[in-house]
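Beneath this line is the structure, given in structure tokens, with notes to follow.
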Amino acid sequence: MIYLKDIQKSFNQQPVLKGINLKIGKGEVVTILGPSGSGKTTLLRCLNFLEKPDEGIVQVGDIQVKSKKATKREILSLRRQSAMVFQHYNLFAHKTVLENVMEGLIVTKKYKKAEAKRESELLLEKVGLGDKHNYFPSQLSGGQQQRVGIARALALNPEVILFDEPTSALDPELVGEVLSVIKAIAQEGITMVIVTHEMSFAKEVSDRVLFMDGGVIVEEGSPLEIFNAPKEERTRQFLNRISRDFSVSFLEERAN
Amino acid sequence: MGKAFDPSLIVDFIPTLIYYLGVTLQILAASVLLGMVIGIAAAILRLFRIPVLNQLVILYISFIRGTPILIQLFLVFYGLPAILLFINIDISRMDALYFVIITYALSNGAHFAEIFRGAIKAVDYGQTEAAYSVGMNNSQSFFRIVLPQAIRIAFPNIANSIIGSLKDTSLAFTIGVMDMMGRGETLIAATAHALEVYLSLAVIYYAVVLVFEKIFRLYENRINRHQTVDVSVTG
Ligand SMILES: Nc1ncnc2c1ncn2[C@@H]1O[C@H](COP(=O)(O)OP(=O)(O)O)[C@@H](O)[C@H]1O
Ligand SMILES: [Mg+2]
């Protein structure tokens with residue numbers, strides 16, 4: 001379970017999150033849509049305190065942290081409730097594929113090496129990289145790297161996996177392989193929060209869709225509600241624009 | 001003036017001098033290892049801007065960089081016993097070798113600190129964030145994720161610095177250490193064939209440097225065989 005209360009965050013006096021309230025139930029798949037700069041990444045990063053909110057309460061699983069009084073210890077236990085899949089993969093560059101997945105198990109879950117290895121091999125099999133154990137990240141395609149990133153996140157068996165535009169750094173022909181892995185794990189009942197610009201994917205995979213703009217959640221609802229009958233003008237405009245110049249905005253996102 | 005140049009003497013001198021290579025390598029090994037510890041510690045103090053210590057480290061590094069190593073050697077050799085005498089520790093009889101090792105460790109430490117600091121900063125911050133995201137704390141993320149990559153980035157510069165340090169050890173004789181250079185000086189005193197002695201020394205130092213370079217290159221190729229360290233900036 002995730003619970004956010006009045007999350008506020010500014011960068012250089014510029015408010016980026018203006019009081020976000022949100023509850024996400026166990027097993028729910030939530031996608032966040034919104035124009036570039038609307039605060040999606042910042043919101044996701046506040047969930048694991050890669051960005052420390054100025055104000056508000058973050059709860060993931062049974063760890064609750066008040067932003068203002070957050071201690072190092074609390075932040076660490078909060079982080080251990082979640083895992084993140086990054087836009088630019090951020091795999092550990094000096095470790096092999098297998099070691100990347102094992103790392104969290106060994107360091108934070110205190111698994112024995114053999115156990116961690118067995119577990120990691122299963123996960124790599126699941127993301128279709130059973131034959132790449134001893135490769136280094138730099139030897140893999142973007143799509144393969146991102147699938148390692150997903151396996152690394154899954155290994156932690158977290159309360160929630162946070163995805164920040166997992167496919168927007170990928171060449172178009174590699175997007176499919178990553179999305180299908182995410183769809184597969186979505187069906188296993190893992191709680192996920194996904195920032196994405198892949199509309200048909202969002203439609204298909206989400207239990208709930210949030211539309212963000214200007215640091216607030218403008219509208220939320222089921223995929224059917226948001227995509228077929230958006231209530232807010234801003235949502236409508238965004239969806240129109242996305243479907244009209246999909247290729248343009250897609251290229252813009254990739255450039256960012 | 002010495003005696004007439006006799007190149008055949010070089011063949012005699014080289015084995016005599018090489019016998020003392022061990023001392024040179026001993027100084028080098030000890031001062032490089034100590035220098036690594038000092039360098040990593042100093043780099044951490046700088047990077048985390050630990051108050052007071054940060055300023056002291058800046059001063060230390062700038063002093064080492066701004067003064068000749070020969071002066072540093074004399075300062076340690078004469079200064080350290082004088083300072084320690086204040087607290088009633090008498091090290092005036094300590095083997096000169098240790099003063100050399102201390103000086104070169106301090107010198108290497110300063111140079112390594114700057115190299116490591118640059119290398120640590122060159123590791124993409126996304127690596128640290130990924131480490132945090134799998135639940136690591138600060139020191140786990142630093143020692144398991146950042147430092148190993150920084151060492152790879154730093155390695156070519158560290159290697160150059162070690163080779164420079166190897167050549168610098170040739171000053172140890174000035175405080176009476178019997179290394180290759182020290183033995184060379186005694187040979188000159190005994191034979192008056194200075195040129196032949198210095199040529200012999202040049203040959204030995206040059207050969208040792210070539211061997212070191214070869215070893216460093218092999219090692220570098222090995223650590224980079226399967227990977228390029230990702231230093232790109234995350235957008
Ligand atoms: N570390 C930061 N420092 C300063 N400004 C930032 C930082 N991170 C994000 N911002 C700003 O906050 C706003 C929201 O950014 P972000 O959360 O990345 O939006 P999105 O992911 O929706 O594109 C942008 O205007 C961005 O420039
Ligand atoms: Mg973003």
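Proteins come first, then strands; the chains are lettered A, B, ... in the order of their sequence lines, and each starts at number 1.
Crowding of A:Y135 atom OH: a count of heavy atoms from other residues, nucleotides or ligands under 6.0 Å not exceeding 12. The environment of NZ in A:K110 is crowded: more than 12 heavy-atom neighbours from other residues, nucleotides or ligands sit within 6.0 Å. Atom CZ of B:F216 is surrounded by more than 12 heavy atoms from other residues, nucleotides or ligands within 6.0 Å. Taking a 6.0 Å sphere around CZ of A:F11, one finds it holds more than 12 heavy atoms contributed by other residues, nucleotides or ligands. Annotation: A:K68, atom NZ; neighbour count of heavy atoms from other residues, nucleotides and ligands within 6.0 Å does not exceed 12. Applying the 6.0 Å contact sphere to NZ of A:K132 captures more than 12 heavy atoms from other residues, nucleotides or ligands.
A:F92 touches chain B through backbone and side chain together, each having a heavy atom under 4.5 Å away. Proximity to chain B (any heavy atom under 4.5 Å) is restricted, for A:K72, to the side chain, taken from C-beta onward. Only the side chain of B:Q140 comes within contact range of chain A, with heavy atoms under 4.5 Å apart.
Listed for the A:R80 side chain is a donor-acceptor partner under 3.5 Å among the backbone atoms of B:G135.
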Please report the C-alpha distance between B:V134 and A:V107 in whole Å, then the side-chain angles of each, then the deciding distance to 0.1 Å, and finally whether the side chain to side chain contact (heavy atoms under 4.5 Å, CB included) criterion is met. CA-CA 9 Å; B:V134 302; A:V107 181; over 6 Å; no
Can you list the steps and then say if B:E129 with A:M84 is a side chain to side chain contact (heavy atoms under 4.5 Å, CB included)? CA-CA 9 Å; B:E129 294 195 328; A:M84 187 169 238; over 6 Å; no
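Smallest separation of non-hydrogen atoms from A:F86 and B:S133: CE1-OG, 3.6 Å. Taking each heavy atom of B:A130 and A:R152 in turn, the nearest pair found is CB-NH2, 3.7 Å.
Take B:F48 and apply the side-chain contact (heavy atoms from CB on, under 4.5 Å) test, not counting sequence neighbours, and it matches B:I44, B:I50.
Between A:N48 and B:Y132, the closest side-chain pair of non-hydrogen atoms is not below 4.5 Å. Side-chain contact between A:H94 and B:I145 is present, with heavy atoms from C-beta onward closer than 4.5 Å.
How far CG of B:N137 is from OG1 of A:T108: 10.0 Å, rounded to the nearest 0.5 Å.
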